[in-house]
Amino acid sequence: MPFSQFFQNYLFGLVAVALAALILLRGLRIMEKQVAEKGFGKFGLQGTALFVITPVIMVLAVNGVIKGEVVSGLLGALLGYIFGLKQET
């Protein structure tokens, strides 16, 4: 593998990890604010799990640890879970 391609892959992976960390930190910050205002509530653990699972899927996919079919299955399940949540008012 030429050095330029290696550097490009390394840079892409680094950007993906930075983006995943940003999603994780921002999500936890949102959850912290929500917990301070309303308490942990019924969906607090679910929201926290989503902010943790999404970056993990991103990092594993970009680094080639899991294949595209698995990534699409995991993201489909995640979206089904999000849209399947029923909020009580």
Side-chain angles (χ1 to χ4, degrees):
M1 176 185 314
F3 179 73
S4 62
Q5 186 178 5
F6 173 76
F7 181 71
Q8 197 173 29
N9 290 343
Y10 178 76
L11 187 61
F12 183 68
L14 189 63
V15 168
V17 169
L19 184 61
L22 182 68
I23 291 171
L24 176 65
L25 293 174
R26 183 65 183 148
L28 292 177
R29 181 76 166 190
I30 291 169
M31 290 303 296
E32 179 185 23
K33 184 187 278 188
Q34 184 176 358
V35 167
E37 290 175 5
K38 300 179 183 177
F40 201 65
K42 183 177 179 181
F43 297 105
L45 182 60
Q46 295 167 340
T48 304
L50 290 175
F51 287 123
V52 171
I53 291 172
T54 305
V56 169
I57 293 172
M58 279 179 48
V59 169
L60 292 176
V62 168
N63 289 323
V65 175
I66 52 179
K67 295 184 179 192
E69 297 85 14
V70 176
V71 173
S72 62
L74 288 171
L75 291 178
L78 190 63
L79 286 173
Y81 175 73
I82 291 170
F83 289 119
L85 289 177
K86 183 177 173 184
Q87 294 227 359
E88 297 178 14
T89 56

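Everything quoted here is computed from the prediction, not taken from an experiment.
From I57, atom CD1 reaches atom CG of L75 across 5.0 Å, with rounding to the nearest 0.5 Å.
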Could you go step by step and tell me if L50 and Y81 meet the side chain to side chain contact (heavy atoms under 4.5 Å, CB included) rule?
-> CA-CA 9 Å; L50 290 175; Y81 175 73; 3.8 Å; yes
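Listed by chain and residue number, R26 satisfy the side chain to side chain contact (heavy atoms under 4.5 Å, CB included) test with I30 (two or more places apart in sequence, or in another chain).
Taking Ile, Leu, Val, Met, Phe, Trp and Tyr as hydrophobic and joining them when side-chain heavy atoms fall under 4.5 Å apart, one finds L28 in a cluster with L24, V52.
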Which side-chain N or O atoms in residues 14-21 pair as donor and acceptor under 3.5 Å with protein atoms at least two apart or in another chain?
none

For residues 61-70, dump all side-chain donor-acceptor pairs below 3.5 Å to protein atoms at least two apart in sequence or in another chain.
unit_1: N63; atom_1: ND2; unit_2: V59; atom_2: O; d: 3.2

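Residues L60 and M58 are members of separate hydrophobic clusters, defined by side-chain heavy-atom contacts under 4.5 angstrom among Ile, Leu, Val, Met, Phe, Trp and Tyr.
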